Structures are given as structure tokens and as C-alpha cells.
Number of protein chains: 2
Amino acid sequence: MQHRKLATIEDVAAIAGVSIATVSRAINEPTKVADETRRRVAEAVARTGYTTNAMARSLRMRRSNMILILAPDVGDPNFSNILVGLETEASKRGYGVLIGNTQNDPAREADYLRFINSNQADGLILLTGHLPYGIGAAGSAMRLPPMVAVNEPVSNSDVPFVGVDNFEGARIAAEHLIAQGHRRIAFIGHSTSKAVNKLREQGYRAALSGAGLAIDPLLILDGDGTTESGRAATEHMFVRDVLPTAFLCVNDATALGVIISLTARKYDLPRDFSVMGFDDISFASFVTPSLTTMKQPRHRIGEGAMDLLLALLAGETPANTEVLLRSELIVRNSVGAPRRA
Amino acid sequence: MQHRKLATIEDVAAIAGVSIATVSRAINEPTKVADETRRRVAEAVARTGYTTNAMARSLRMRRSNMILILAPDVGDPNFSNILVGLETEASKRGYGVLIGNTQNDPAREADYLRFINSNQADGLILLTGHLPYGIGAAGSAMRLPPMVAVNEPVSNSDVPFVGVDNFEGARIAAEHLIAQGHRRIAFIGHSTSKAVNKLREQGYRAALSGAGLAIDPLLILDGDGTTESGRAATEHMFVRDVLPTAFLCVNDATALGVIISLTARKYDLPRDFSVMGFDDISFASFVTPSLTTMKQPRHRIGEGAMDLLLALLAGETPANTEVLLRSELIVRNSVGAPRRA
DNA sequence: GTGAAAGCGCTAACAT
DNA sequence: ATGTTAGCGCTTTCAC
């Protein structure tokens with residue numbers, strides 16, 4: 001069995017006693033073939049174990065049924081379930097998924113475009129937050145493939161985006177803190193460059209304003225989303241001696257930094273301070289105290305993005321060029337009532 | 001630029017004033033072409049922005065330069081860096097990587113084989129621990145593609161394997177515990193079915209025997225590698241009132257279960273008990289106490305596996321059909337001297 | 001409802 | 001060193 005030559009459409013046609021055109025139709029447009037003929041073809045297919053050769057089909061049809069996913073780091077826990085969602089949806093719709101781990105290296109980004117150029121991939125999913133190097137360049141012979149951005153939008157572009165509603169999520173988070181009685185709530189993760197940070201900060205501000213609370217600029221600290229930035233910001237607050245009762249962090253990694261700093265200073269959480277994150281990455285439930293946070297519907301984000309891309313591929317022009325999914329409040333043990341309420 | 005028809009080899013040939021065969025040679029076997037001709041072709045390629053159509057080439061050559069990776073769950077933190085390693089090496093060697101998330105569903109496994117059948121993928125990486133459903137079946141028309149198993153070997157097969165040396169790693173782990181003064185060391189994660197568990201248990205036994213310590217069957221408990229199994233095993237020990245001073249767990253997830261159980265019983269770790277894991281998955285450093293464990297060289301495992309597969313594809317017959325990499329002892333805070341040494 | 005034949009873009013055998 | 005040509009396996013007009 002092992003090395004027997006693979007059956008082709010000709011083999012099937014010979015066995016079924018029809019032409020290859022009929023076999024092709026029987027498989028791809030069953031309604032255009034007589035019942036009896038279809039039955040004979042099906043039988044021949046079964047007997048030969050025939051599968052249509054995707055390369056030949058792709059060459060002829062000029063499409064590969066493959067999607068290229070460009071991500072800076074496939075191993076990033078933030079991406080993992082998005083990838084699963086992307087793959088699941090693609091697979092369900094008969095598409096294969098090709099991964100490109102770019103490590104934010106322009107050379108690698110450019111290199112992966114060969115898949116697009118040579119029709120090895122019909123569409124592109126961008127987890128990188130920017131167009132691959134070489135694709136936007138004026139005068140480049142590159143044609144723009146259908147694409148959608150996930151997780152992080154592509155700034156200054158009209159690339160459709162699927163992701164979480166950061167504004168709304170941060171607002172819900174801040175409102176949760178307020179509902180616990182907090183009035184002095186810090187926001188850790190201010191950034192002038194990161195769109196995600198900006199939106200979450202806006203959500204924070206909206207919640208405070210909505211509750212009639214003043215916004216204290218001293219309680220809004222810079223942060224780039226790393227654990228170290230969370231630690232540094234917290235230390236900075238102690239140095240300045242301007243302290244909140246609760247820390248709303250731009251993401252879980254930052255929150256971890258805050259917790260590390262607070263724990264090192266022997267504070268008891270959440271008795272002395274409350275800390276909230278955003279994302280619900282895998283370690284969130286293992287930290288002590290386990291982290292109250294906003295969970296991103298990663299799997300659904302992946303599915304949604306792939307669904308949108310396939311719609312684009314099918315020539316549809318979807319109404320929404322921006323799909324925002326809601327995050328979910330996950331209550332764990334890092335938030336309590338303020339000590340001196 | 002955008003939608004101009006892609007240049008083909010004919011366009012290039014026309015501009016360079018040579019035949020398409022010469023263009024093909026100039027690109028793929030440059031030495032077989034005169035310098036001047038090569039130069040002209042290069043110029044024409046540059047002018048047209050020509051890239052060879054991979055579909056046509058694959059159809060003709062019967063190979064795609066693609067590798068299919070079958071994994072039960074691409075999002076599994078245990079896999080993440082292995083995937084990165086696999087992808088990095090493949091990309092470096094001019095191969096693309098296709099991912100198949102099987103969810104251990106036989107139907108999906110079988111479905112993904114269409115990539116192999118239709119030459120869309122030349123080789124297979126198995127992270128599943130078993131042959132895909134439908135591939136081994138007697139009488140199946142499926143040809144066996146070159147493949148290598150990663151992380152978990154395929155039992156009862158001669159599929160080459162690349163992974164960590166579980167026996168050696170567990171022995172080093174147990175020896176670390178012994179070196180801290182422990183004499184009553186439990187092994188959590190005995191299994192008659194899982195090869196990984198068996199090997200790690202053997203490493204544990206070897207270390208104890210090597211140190212002249214008796215092996216107490218009451219200190220070896222069943223476990224399937226889940227957090228829950230770690231918790232259950234620990235509770236069971238308290239019920240039986242047979243306690244060790246240290247727990248060597250078959251993996252980090254199990255160790256987490258042990259820690260949860262011990263912490264719930266108000267024990268202070270590592271003062272009252274020491275706990276060791278295996279794998280060094282991402283949360284290991286975030287648990288309290290942070291987990292002393294054996295780190296798997298995941299990135300190198302991925303690279304090594306891809307390297308082996310590409311060697312197979314090149315027709316080489318590698319000396320080693322089993323590549324075992326060494327794990328590394330990561331000392332954190334879950335291990336100390338036994339309380340009553 | 002079905003068949004004949006063209007052709008997708010390329011590589012490789014053969015010829016020169 | 002270069003050109004001619006046959007196909008890789010399929011889909012899709014165009015006839016019948």
C-alpha cells in the first residue's frame with residue numbers, strides 16, 4: 001500500500017467509465033450530474049481512495065485555500081487561544097493555516113510575503129499591529145492581499161480589525177473597583193504610543209467621571225505593559241508618597257509587577273491595596289493573590305477574525321470594518337474593599 | 001501596482017530575450033548558465049518583480065516545501081516554544097509551516113492528512129503522541145510521509161523522536177531533593193500507560209537507589225499529570241497518614257495541585273514540605289512559593305525536531321532515531337531542607 | 001448531462 | 001550553454 005502511486009482524477013474517470021470533466025463536476029458541483037453517474041463516481045472514488053490534488057487545483061483556480069498568519073511571537077500566551085480560534089474556524093471552512101513567526105524582524109516579515117506572492121496563501125491575518133515590511137511601500141509590485149488585523153489594530157490604515165473592546169472593558173473594570181468602595185484609583189500603563197493603552201485609560205477615565213470622581217493626574221502613571229513597568233510605577237508612587245487604594249493596570253503583566261512590588265513591601269493584598277489586571281492570561285489565577293481581571297474572549301476573537309477574512313475573500317464587503325468583542329469580568333482575590341473607606 | 005497581473009516566467013524570458021528554460025535554470029541552477037545571461041535574467045526579474053509561482057512548481061516537482069504540524073492543542077503552554085523552535089528552523093531552511101490543531105479528534109487528524117496526500121506538505125511533525133487516525137490502518141491507501149515525533153514519542157513505532165531526557169531529568173530532580181537532606185521523597189504521577197510518567201518515575205527510583213535509599217511503595221502515588229491529580233494524591237496521603245518530606249511531581253501542573261492542597265492545609269512551604277515539578281511551564285515562577293523544577297529546552301527541541309525531519313526529507317538516514325536533550329534544574333523557592341532532618 | 005480540449009506556470013528530459 | 005517540449009492534475013469553456 002505504502003508507495004502505490006496516488007490515484008488521480010483520470011483513474012477515477014476510467015473506473016467510473018466517464019470523462020475527467022464529469023468526475024470533477026460530480027465532486028465540485030454534484031447537482032450538475034445525473035444521480036446514477038454521481039453514484040458511479042462516488043464508488044470509484046471510494047475504491048481508489050482518491051483525494052483531489054490541491055496543488056493542481058490551486059494552480060488552476062489561482063487560489064490555495066490557505067491563510068497566512070503573521071505573529072511576532074507564536075508562543076506568546078496572549079496569542080495562543082487566538083491562534084486556536086483562527087485555526088478552528090479556518091479548518092471548519094476548508095482552509096489551512098500557515099504560520100509566520102516574525103519576531104518583529106522586518107526581513108522575516110518581508111520574506112513571508114512570498115507566500116502571498118506565489119498564491120500559496122489567499123489572505124493574511126496580522127497579529128503584529130502593523131503592515132508587514134515591504135507591503136505598503138509605494139512602487140512595490142506587491143499586491144495587497146485581503147487581510148484583517150487581530151488583537152492590535154494597524155494604525156493609519158483601513159485594515160479591518162477584530163479585537164476586544166478595550167474602552168468598555170476598562171470602564172467595567174474601574175466600575176468594579178468603584179463599586180467596592182474605592183475612590184482613589186490609580187491607572188498604571190499610560191502611554192502616548194500604544195493604542196490599546198490609550199483606550200483602556202479612556203475607559204478608566206470614563207468610569208471615574210461617570211461616578212463623579214475627580215481624575216487625579218498623579219494617579220495616572222506611565223507603563224509599557226511589562227511586569228517591570230508595573231513594579232517601577234508602584235515604587236515611584238511610594239517615593240512620591242502619593243498612594244491610591246486600588247491599582248487598575250493596563251494588563252495582567254503590569255498587575256503582576258504591582259503585586260510583586262506591594263508584596264515585597266509586606267503589604268497584605270487585598271486588605272491593604274486592591275489590584276486589577278486586564279487580559280486574564282494564564283498565570284492570572286496562579287499569582288497570590290489570584291488576579292481579578294477582564295478576560296479577553298480570545299477563542300472568539302480568533303474565530304471572528306477568520307470569519308471576517310473569509311468573507312472578504314468571498315468578495316463580500318462586511319458592514320463592520322471593526323468588530324469589538326466584550327471582555328468578561330473575572331472576580332478573584334486581588335480586589336477588596338478599601339481599608340479606610 | 002496593486003492589481004497588475006503577476007509576472008510569470010514567460011514575461012521574464014521575453015524581457016531577457018531567452019527561453020523560459022533558461023530563466024528557470026538561472027534561478028534554480030545558476031552555475032549552469034552563462035554569466036551574461038544570468039545577469040540579464042536577474043535584471044528582468046527585478047524589473048518585473050517576478051516570484052516563482054510556488055503552486056506550479058510544487059505541482060511539477062511533487063513537493064511543496066511545507067511541513068505539517070499536528071498538535072492536540074496549539075495553545076498549550078507546553079507546546080508554545082516548541083512551535084517557535086519548529087517554525088524558526090523551518091523558516092531558516094526555506095520551509096513553511098502548516099498547523100493542524102487536532103483536539104485529539106480522530107476525524108480532524110484524518111482530515112489533515114489531505115495536506116500530505118495532495119503534496120501540500122512534504123513531512124509531518126507529531127506532537128500528538130500517536131499516529132494520526134487513518135495513517136496506520138492496514139489497507140489504507142495512505143502513504144507514510146517522513147515524520148518525527150516531538151515531546152511525546154509514538155509508542156510501538158519506529159517514528160524518530162526528539163524530546164527531553166525524562167529519565168535523566170527526573171533523576172537530577174530527585175538528587176537535588178536528596179542533596180537538600182530529604183530521605184522520604186514521594187513521587188506523584190505514577191502511571192502504567194504514559195511513557196513520560198514511567199520514565200520520570202524510573203529516574204526517581206534510580207536516584208533513590210543510587211543514594212542507598214529504600215523505595216517505599218506507599219510514597220509512589222498515581223497521577224495523570226493534571227493539577228487535580230496532584231491535589232487528590234496529596235489528600236490521599238493525609239488520609240492514609242503516610243507523609244514524605246518532599247514531593248517530586250511528574251510535572252508542574254501536578255506540583256501545583258500538591259501546593260494547593262498543602263497551602264489549604266495551612267502548611268508553610270518550603271518549611272514544612274518541599275515540592276518539585278518538571279517542565280518549567282510559564283506559571284511556575286508565579287506560584288507561591290515559586291516552583292523549583294526542571295526546565296525543558298523547548299526551543300531547541302523544536303529546532304532539533306525540524307532539523308531531523310528535514311534531514312529525513314533530504315533522504316539522509318540519521319544515526320540517531322531518538323534525540324534526547326537535557327533538562328535544566330531551575331532552583332526557586334519550593335524546596336528547602338526537611339523540617340526534621 | 002456529458003465529453004474534448006485548452007491551459008494554469010513551472011521543471012526536466014532531450015535535443016542542439 | 002541554451003532552446004523545445006512534454007507533462008504535473010486539475011477546472012472550465014465550448015460543443016454536442
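Chain A is the first sequence line, chain B the second, and so forth, proteins listed ahead of strands; every chain is numbered from 1. Any value given below was found using the heavy atoms of this structure, including those in side chains, with hydrogens, waters and symmetry copies removed. This one's a predicted model, so the numbers in the text were calculated from it and none came from an experiment.
- The heavy-atom pair separating B/Ile116 from B/Gly123 by the smallest distance is CD1-O, 4.0 Å.
- Spacing between atom CE of B/Met55 and atom C1' of D/dG9 amounts to 12 Å, rounded to whole angstrom units.
- Nucleotides of DNA chain D nearest to B/Met61 and B/Lys32 differ in position, and the one nearer the 5' end is that of B/Lys32.
- Residue-to-nucleotide proximity on DNA chain D shows that, of B/Ala34 and A/Thr52, the 5′-proximal contact is made by B/Ala34.
- Spacing between atom CG of B/Asn119 and atom P of D/dG9 amounts to 9 Å, rounded to whole angstrom units.
- Using a 3.5 Å distance cut-off with no hydrogens or angles, the side chains of A/Gln120 and A/Ser118 do pair a donor with an acceptor.
- Distances from the side chain of A/Ile9 to the nucleotides D/dT11, D/dT2, C/dC10 place D/dT11 closest.
- In this structure, CZ of B/Arg38 is placed 10 Å from P of D/dA1, rounded to the nearest angstrom.
- A close approach under 4.0 Å does not occur between any side-chain nitrogen or oxygen of B/Arg62 and OP1 or OP2 of D/dC8.
- Results of the side-chain contact (heavy atoms from CB on, under 4.5 Å) test with B/Val148 over B/Thr321, B/Leu312, B/Val154, B/Leu124 single out B/Leu312 as the only residue that passes.
- For B/Asn53, no side-chain nitrogen or oxygen approaches OP1 or OP2 of C/dC8 to under 4.0 Å.
- Rounded to whole angstrom, the span from the CD1 atom of A/Ile27 across to the C1' atom of D/dG9 amounts to 12 Å.
- Contact annotation for A/Arg25: base contact, defined as any heavy-atom pair under 4.0 Å involving a base atom.
- Using modelled atom types and a 3.5 Å distance limit, the side chains of A/Arg57 and A/Asn65 yield no donor-acceptor pair.
- Phosphate proximity of C/dC8 to B/Arg60: absent, as no side-chain N or O sits under 4.0 Å from OP1 or OP2.
- Closest contact between the side chain of A/Leu59 and the listed nucleotides C/dT11, D/dC10, D/dG9 involves D/dG9.
- For B/Ile20, the listed nucleotide lying nearest its side chain is C/dC10; candidates were C/dC10, D/dT11, D/dG3.
- Counting only heavy atoms from C-beta on, A/Ala21 has its side chain closest to D/dT12 among D/dT2, D/dC8, D/dT12.
- The distance from atom CD of B/Gln120 to atom C1' of D/dC8 is 15 Å, rounded to the nearest whole Å.
- When the side-chain nitrogen and oxygen atoms of B/Ser19 are compared with OP1 and OP2 of D/dT2, none of them lie within a distance under 4.0 Å.
- For the pair A/Glu36 CD and C/dT2 C1', the computed distance is 14 Å after rounding to whole Å.
- The environment of A/Glu10 atom CD is sparse: at most 12 non-hydrogen atoms of other residues, nucleotides or ligands sit within 6.0 angstrom.
- Between the CG atom of B/Asn117 and the P atom of D/dC10 there is a distance of 12 Å, rounded to whole Å.
- In terms of phosphate contacts, A/Ser58 brings no side-chain nitrogen or oxygen within less than 4.0 Å of OP1 or OP2 of D/dC10.
- Remark: A/Ser24 is not in phosphate contact with D/dC10, judged by side-chain N or O atoms under 4.0 Å from OP1 or OP2.
- Residue B/Glu29 contributes atom CD, which lies 13 Å from atom P of D/dT2 at whole-angstrom precision.
- With hydrogens and angles ignored, the 3.5 Å screen pairs a side-chain donor or acceptor of A/Asp122 with a backbone N or O of A/Ser64.
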